[in-house]
> 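A single structure is presented below for examination.
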Amino acid sequence: MNPFREQLHPGESVEVDVTISRTVAEWVQLVDDVNSNGTRIAKRAAVLQVNYKGPRDADVDEVQRIVVSGSLLMPVEDAEGDRRPHHHPFEDQTFGVDMPTVERTYWRSRKANEKFDSVLPEQ
C-alpha cells in the first residue's frame, strides 16, 4: 500500500517513515548563518504535509504541516570549515520539528461550494 495515495477509513492507520536526504554542503548551509547575537539560525530542511478531506457533503478539510529545520552537522570549534555530527541536536535547538497551526475549512455544503464563515474567538 502506498500511504501517500490510499484512502484510510475510520479505525485504520498507516505508519510512514520519511527520510530527508541532503548533500553535506546542503546540511552545512542549513545552519551556516549566524544572527547578531552569535546564535546559529536553523533554516527549513523539509516540510511534510498531511491532508484530510472529510467524505461527506457537510464536513471539514484539514491541512497539517510538519516543518523540519536545522542540521545534524555542526562546526568544529577552532577548525575552520570542519564539521562533525551533532549528537544532541534538540538540546541547543540546531535541529527541530514544529507543527504550525492546522488549517481547517468547514463545509456547509461541498456540492454548493458553501463554506462556514471563519470566526475568531473574542479576546
Side-chain angles (χ1 to χ4, degrees):
M1 177 172 115
N2 180 346
F4 298 108
R5 300 284 178 221
E6 297 294 325
Q7 180 177 354
L8 295 177
H9 300 283
E12 294 180 338
S13 65
V14 64
E15 185 174 318
V16 179
D17 293 323
V18 177
T19 301
I20 302 170
S21 181
R22 300 269 189 263
T23 66
V24 170
E26 290 169 332
W27 282 116
V28 168
Q29 289 174 349
L30 289 172
V31 290
D32 219 18
D33 292 339
V34 178
N35 67 16
S36 59
N37 298 336
T39 305
R40 296 204 171 274
I41 300 169
K43 298 177 192 167
R44 186 177 290 183
V47 178
L48 312 171
Q49 182 169 306
V50 177
N51 298 314
Y52 167 80
K53 181 178 180 180
R56 296 177 298 274
D57 183 48
D59 214 322
V60 64
D61 294 344
E62 189 170 285
V63 177
Q64 295 179 332
R65 288 181 186 82
I66 302 164
V67 179
V68 180
S69 300
S71 177
L72 298 175
L73 293 178
M74 297 307 300
V76 176
E77 289 185 37
D78 301 324
E80 185 66 34
D82 287 354
R83 304 286 174 187
R84 64 172 171 76
H86 197 301
H87 299 291
H88 304 285
F90 293 102
E91 289 179 7
D92 64 4
Q93 299 178 345
T94 56
F95 189 79
V97 177
D98 184 31
M99 273 187 61
T101 306
V102 174
E103 295 175 18
R104 289 189 181 98
T105 304
Y106 294 96
W107 292 96
R108 188 180 308 269
S109 171
R110 288 182 205 277
K111 292 176 187 172
N113 198 28
E114 295 177 3
K115 299 175 187 176
F116 283 101
D117 294 334
S118 295
V119 177
L120 297 176
E122 292 184 27
Q123 295 188 18

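Worth saying up front: this structure is predicted, and the values here are computed from it rather than measured.
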> Linking I/L/V/M/F/W/Y whenever any side-chain heavy atoms sit under 4.5 Å apart, do W27 and L48 land together?
yes
> Measure the spacing between OH of Y106 and NZ of K115 and express it to the nearest 0.5 Å.
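Going from OH on Y106 over to NZ on K115, the span is 13.5 Å.
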> Report yes or no: do M99 and V18 belong to one cluster of Ile/Leu/Val/Met/Phe/Trp/Tyr joined by side chain heavy-atom distances under 4.5 Å?
yes
> What's the shortest heavy-atom distance between R104 and E62, and which atoms?
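Smallest heavy-atom distance, with atoms named: NE-OE1, 2.7 Å.
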> Looking at side-chain heavy atoms only, is the closest gap between F116 and V60 below 4.5 Å?
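SC-SC contact between F116 and V60 ruled out.
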> Taking all atoms of both residues into account, what is the closest heavy-atom pair of D57 and K111, and its distance?
OD1-N, 2.8 Å
> Do N51 and D61 make a side-chain contact, defined as non-hydrogen atoms from C-beta onward lying under 4.5 Å apart?
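Of all side-chain heavy-atom pairs linking D61 with N51, none is under 4.5 Å.
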> Looking at every non-hydrogen atom in both residues, tell me the closest pair between R108 and A58 and how far apart they are.
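In terms of heavy atoms, the two residues are closest at O-CB, 3.4 Å.
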> For I20 and A46, which heavy atoms make the closest approach, and how far apart are they?
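Closest approach of I20 to A46: CD1-CB, 3.7 Å.
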> Are side-chain heavy atoms of Y52 and V63 found at a separation under 4.5 Å?
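With C-beta onward as the side chain, the pair stays apart.
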> Kindly indicate whether the side chain of D98, heavy atoms from C-beta on, has any atom under 4.5 Å from the side chain of S69.
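No, their side chains stay 4.5 Å or more apart.
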> Using the test salt bridge (Lys or Arg N to Asp or Glu O under 4.0 Å), find all partners of R65 that sit at least two apart in sequence or belong to another chain.
E103
